[in-house]
Q: 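A single structure is presented below for examination.
Residue numbers count from 1 along this sequence. These values consider heavy atoms only, across backbone and side chains, with no hydrogens, waters or symmetry-generated copies.
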Amino acid sequence: MALFHWLGVIYGHALLDLLRYTIAAEKTSQPGFYLSLTEEFVHLPTWTPEQVMRYLHNQYRRYESILALGAYHHLLPLKLRRKSVVEQFNVPCFLRAIQVLHIERTPETLTNNLEQLLD
């Protein structure tokens, strides 16, 4: 089953990682647009801002290179580096984007065509 979310690279990676806590999700060639799921579900899990912020604090290095944090960001103290990643990620915006997603079942041929276009 494919989950087409169209959230972009940053939010797509976060969605993948957070989903992996509850659902078997696999990275695709275009994780910013869709993910591969091995099981079907009715709705996406809900996360609290605290859960997403904890995830970002643990994974901040992954996002430093894809968020435009400036040439001297790596020279900042660790606490400030983590804080800036969380702020630039914009947790409330991510949670709003996740909340408006809904599960839409599509014919397998349509899913295959979309996957081929994105690969």
Side-chain angles (χ1 to χ4, degrees):
M1 175 180 159
L3 172 64
F4 292 91
H5 55 75
W6 311 100
L7 291 173
V9 174
I10 295 169
Y11 287 177
H13 279 288
L15 176 62
L16 173 63
D17 287 344
L18 290 167
L19 277 174
R20 284 180 170 166
Y21 289 117
T22 56
I23 297 169
E26 297 296 326
K27 185 176 180 179
T28 63
S29 62
Q30 297 290 332
F33 301 118
Y34 76 105
L35 306 172
S36 177
L37 307 174
T38 57
E39 56 190 85
E40 290 194 27
F41 56 95
V42 178
H43 55 81
L44 289 169
T46 56
W47 297 284
T48 65
E50 293 77 22
Q51 289 171 316
V52 177
M53 285 189 284
R54 185 173 41 246
Y55 159 76
L56 290 169
H57 275 274
N58 291 334
Q59 299 292 323
Y60 77 97
R61 287 181 185 254
R62 176 183 213 184
Y63 293 95
E64 283 180 312
S65 62
I66 51 179
L67 291 168
L69 298 172
Y72 302 105
H73 176 77
H74 68 282
L75 299 173
L76 295 173
L78 182 61
K79 186 175 180 179
L80 192 53
R81 287 172 63 185
R82 285 182 169 156
K83 181 181 178 189
S84 61
V85 166
V86 172
E87 287 177 0
Q88 288 297 311
F89 182 87
N90 196 346
V91 173
C93 183
F94 172 73
L95 290 174
R96 280 192 305 274
I98 297 300
Q99 288 171 353
V100 298
L101 292 177
H102 66 279
I103 307 301
E104 188 76 35
R105 304 285 181 249
T106 59
E108 190 174 329
T109 55
L110 178 60
T111 300
N112 292 339
N113 288 343
L114 280 171
E115 287 176 341
Q116 288 175 0
L117 285 171
L118 292 170
D119 284 339

Q: Between the side chain of Y11 and the main-chain N/O of W6, is any donor-acceptor distance below 3.5 Å?
A: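 Judged by distance alone, no pair lies under 3.5 Å.
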Q: Going by side-chain heavy atoms closer than 4.5 Å, which hydrophobic residues are tied to Y72, directly or by a chain of links?
A: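 Members other than Y72 - counting any ILVMFWY side chain reachable under 4.5 Å - are L75.
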Q: Are L80 and L69 connected into the same hydrophobic cluster when the rule is that any two of I, L, V, M, F, W, Y join if their side-chain heavy atoms are below 4.5 Å apart?
A: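 L69 and L80: separate clusters.
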Q: Of all heavy-atom pairs between V85 and H73, which one has the smallest distance, and what is that distance?
A: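 Where V85 meets H73 most closely, the heavy atoms are CG2-NE2, 4.4 Å.
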Q: I need the minimum non-hydrogen distance between G12 and L7, along with the two atoms involved.
A: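 Here G12 and L7 meet closest at N-CB, 4.2 Å.
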Q: What are the two closest heavy atoms between A14 and Y55, and how far apart are they?
A: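 Distance-wise, the nearest heavy atoms are CA-OH, 3.7 Å.
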Q: Minimum heavy-atom separation for W47 to L15, with atom names?
A: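 Result for this residue pair: CH2-CD1, 3.9 Å.
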Q: Can you check side chain to side chain contact (heavy atoms under 4.5 Å, CB included) on Y60 and L67, steps first, answer last?
A: CA-CA 10 Å; Y60 77 97; L67 291 168; over 6 Å; no
Q: I need the L78 CG to R82 CZ distance, nearest 0.5 Å.
A: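 Rounded to the nearest 0.5 Å, the CG-CZ separation comes to 4.5 Å.
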Q: Can you measure from NE2 (H74) to CD (E64) and round to the nearest 0.5 angstrom?
A: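 H74 atom NE2 to E64 atom CD measures 10.0 Å (nearest 0.5 Å).
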Q: Give the minimum heavy-atom separation between P45 and T22, together with the two atoms involved.
A: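 Nearest heavy atoms, P45 then T22: CG-OG1, 3.5 Å.
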Q: R62: what forms a side chain to side chain donor-acceptor pair (under 3.5 Å) with it, not counting sequence neighbours?
A: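 R62 satisfies side chain to side chain donor-acceptor pair (under 3.5 Å) with H13, D17 only.
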Q: Going from CZ on R96 to CD on Q99, what distance comes out if it is rounded to the nearest 0.5 angstrom?
A: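 So the gap between those two atoms works out to 8.5 Å.
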Q: To the nearest 0.5 angstrom, please state how far the NZ atom of K79 sits from the NE2 atom of H57.
A: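 K79 atom NZ to H57 atom NE2 measures 9.5 Å (nearest 0.5 Å).
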Q: What's the spacing between Y63 OH and L56 CG if we round to 0.5 Å?
A: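 One gets 6.5 Å once the value is rounded to the nearest 0.5 Å.
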Q: Take T46 and I98 through the side chain to side chain contact (heavy atoms under 4.5 Å, CB included) test and state the conclusion after the steps.
A: CA-CA 8 Å; T46 56; I98 297 300; over 6 Å; no
Q: Where is the tightest heavy-atom contact between R81 and L76, given as atom of each residue plus distance?
A: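 Where R81 meets L76 most closely, the heavy atoms are CD-O, 3.2 Å.
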Q: Rounded to the nearest 0.5 Å, how far does CG of L18 lie from CZ of F94?
A: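 Spacing of CZ (F94) from CG (L18) equals 5.0 Å.
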